[in-house]
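Here's the structure, in structure tokens; my notes come after.
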Amino acid sequence: MRLAVPILAATVAGLSGPAGAHPHIFVDATAGFRFDDDGRLTSLQITWTYDTFTSLVMFDQLGLDADRDGLLDDADRAAIVAGETEWPPEYNGDVHLDLDGAAVAMGRPRDGKAWLKDDRVSVTFDLPLAEPLDTPDGARLRLYDPRYYYAYTMVDPAEAEQTPCTARIDPFELDEALEMAQISLFELRREEIPEQEDVGALFADEVHLSCD
């Protein structure tokens, strides 16, 4: 899926007509934070759950459930994981972690898993930091697509037990200026790209770490 956004866009456009708006794909997301024995932040556990329509498109695009039993087999799950975690070098998975305004470098996804529940496809994976973060207090995590093609909603973080930090979600607040910007985005056609750079950041929920 994430390696074939143009194909997905064409599929969605063909199914739903020529008019469109940003965003097109809706994702419920959770983020777990993993620490080593020294209290250093070492990795994130990211989970995406797609909306039902996008999940349907995934079935079509990836050729899932060939036997039409309504279930995912091992090959189906492997195809989803590959499409969602085999990122090109320049792609960061829409995962933005920073501390004191400085971006924290991330590695590549590993240990991916996928499943289907209530007609929605979910995928989860570990995302290691390039280097452990010694003092993660005050770190901020945002999931957003710079072009606002994907819209992420953060749900309660999946915290591991007995961690040195707690996570708090601050949902973005739609003020008058953001509402006007959102209206402009809604008026874009599917093939159009927003003029404002990094526009997705305007609508990003934030997860803040507080550590003892």
Side-chain angles (χ1 to χ4, degrees), residues 1-5 8-9 22-35 41-55 58 80-81 83-115 120-130 133 136 138-160 163 165-174 178 181-182 185 193-194 196-210:
M1 286 291 285
R2 295 189 174 244
L3 301 183
V5 168
L8 174 61
H22 287 248
H24 305 299
I25 298 171
F26 299 87
V27 186
D28 288 340
T30 64
F33 298 86
R34 302 291 179 257
F35 301 84
L41 179 63
T42 57
S43 66
L44 308 176
Q45 183 180 39
I46 301 296
T47 302
W48 295 321
T49 298
Y50 287 98
D51 63 88
T52 53
F53 182 73
T54 301
S55 297
M58 292 177 74
I80 294 170
V81 169
E84 295 294 301
T85 64
E86 294 179 2
W87 301 343
E90 68 278 6
Y91 183 57
N92 70 348
D94 296 337
V95 177
H96 306 265
L97 180 67
D98 62 79
L99 180 64
D100 297 330
V104 176
M106 309 300 296
R108 299 283 90 181
R110 62 190 183 195
D111 300 329
K113 300 177 180 62
W115 63 92
R120 301 178 68 188
V121 171
S122 295
V123 61
T124 189
F125 54 89
D126 290 332
L127 188 62
L129 276 60
L133 197 58
R140 177 182 64 165
L141 174 67
R142 295 172 295 166
L143 268 61
Y144 68 86
D145 174 9
R147 300 170 303 166
Y148 202 42
Y149 195 96
Y150 288 72
Y152 297 89
T153 298
M154 298 298 300
V155 297
D156 289 339
E159 294 185 54
T163 66
C165 302
T166 58
R168 182 191 77 251
I169 297 176
D170 288 341
F172 89 91
E173 296 184 1
L174 190 64
L178 281 179
Q182 200 170 59
L185 290 167
I193 296 175
Q196 182 172 341
E197 186 177 354
D198 219 30
V199 67
L202 298 176
F203 307 99
D205 299 334
E206 299 184 354
V207 182
H208 295 268
L209 276 186
S210 298

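Since the model is a prediction, treat every value here as computed from it, not as a measurement.
In this structure, His96 contributes its side chain and Tyr144 its backbone to a donor-acceptor pair below 3.5 Å. When atom types are taken as modelled, the side chain of Asp205 and the backbone of Asp170 share no donor-acceptor pair closer than 3.5 angstrom. Distance alone, capped at 3.5 Å, is enough to place a donor-acceptor pair between the Thr42 side chain and the Arg34 backbone. Side chain of Asp51 to main chain of Phe26: a donor-acceptor pair is present (N/O by atom type, distance under 3.5 Å, no hydrogens or angles).
The line from CH2 of Trp48 to CG of Leu143 is 7.5 Å long, rounded to the nearest 0.5 Å. Taken to the nearest 0.5 Å, the CG atom of Leu129 stands 7.5 Å off from the OG atom of Ser43. Rounded to the nearest 0.5 Å, atoms CG (Leu97) and CG (Leu127) are 9.0 Å apart. Atom-to-atom distance recorded for Arg142:CZ and Met154:CE is 12.0 Å, nearest 0.5 angstrom. Here the CZ-CG distance, from Arg168 to Asp156, works out to 13.5 Å after rounding to the nearest 0.5 Å. Rounding to the nearest 0.5 angstrom, the gap separating the OG1 atom in Thr85 from the CZ atom in Arg108 is 10.0 Å.
When the side-chain contact (heavy atoms from CB on, under 4.5 Å) test is applied to Thr124, the partners found at least two apart in sequence or on another chain are Gln45, Thr47, Lys113, Trp115.
One side chain, Tyr152 or Asp94, offers a donor N or O that lies under 3.5 Å from an acceptor on the other.
Here the shortest heavy-atom pairing between Leu99 and Gly138 reads CD1-C, 3.7 Å. Across Leu41 and Phe33, no two heavy atoms sit closer than the pair CD1-CB, 3.8 Å. The two residues Ala114 and Ile80 come nearest to each other via the heavy atoms CB-CG2, 3.7 Å. Closest approach of Pro128 and Asp126 over heavy atoms only: CD-O, 3.7 Å. Shortest non-hydrogen contact noted between Leu209 and Cys165 is CD2-CB, 4.1 Å. Counting all heavy atoms, side chain and backbone alike, Ala31 lies closest to Leu141 at CB-CD2, 3.3 Å.
When side chains are defined from C-beta on, Val155 does not count as touching Thr49, because their heavy atoms never get closer than 4.5 Å. Residues Ile25 and Tyr50 form a side-chain contact, since some pair of their non-hydrogen atoms from C-beta on lies under 4.5 Å apart. In this structure, Pro136 and Phe35 have side chains that are in contact, with non-hydrogen atoms separated by less than 4.5 Å.
For Phe125 and Trp87, the ring centers sit closer than 6.0 Å to each other.
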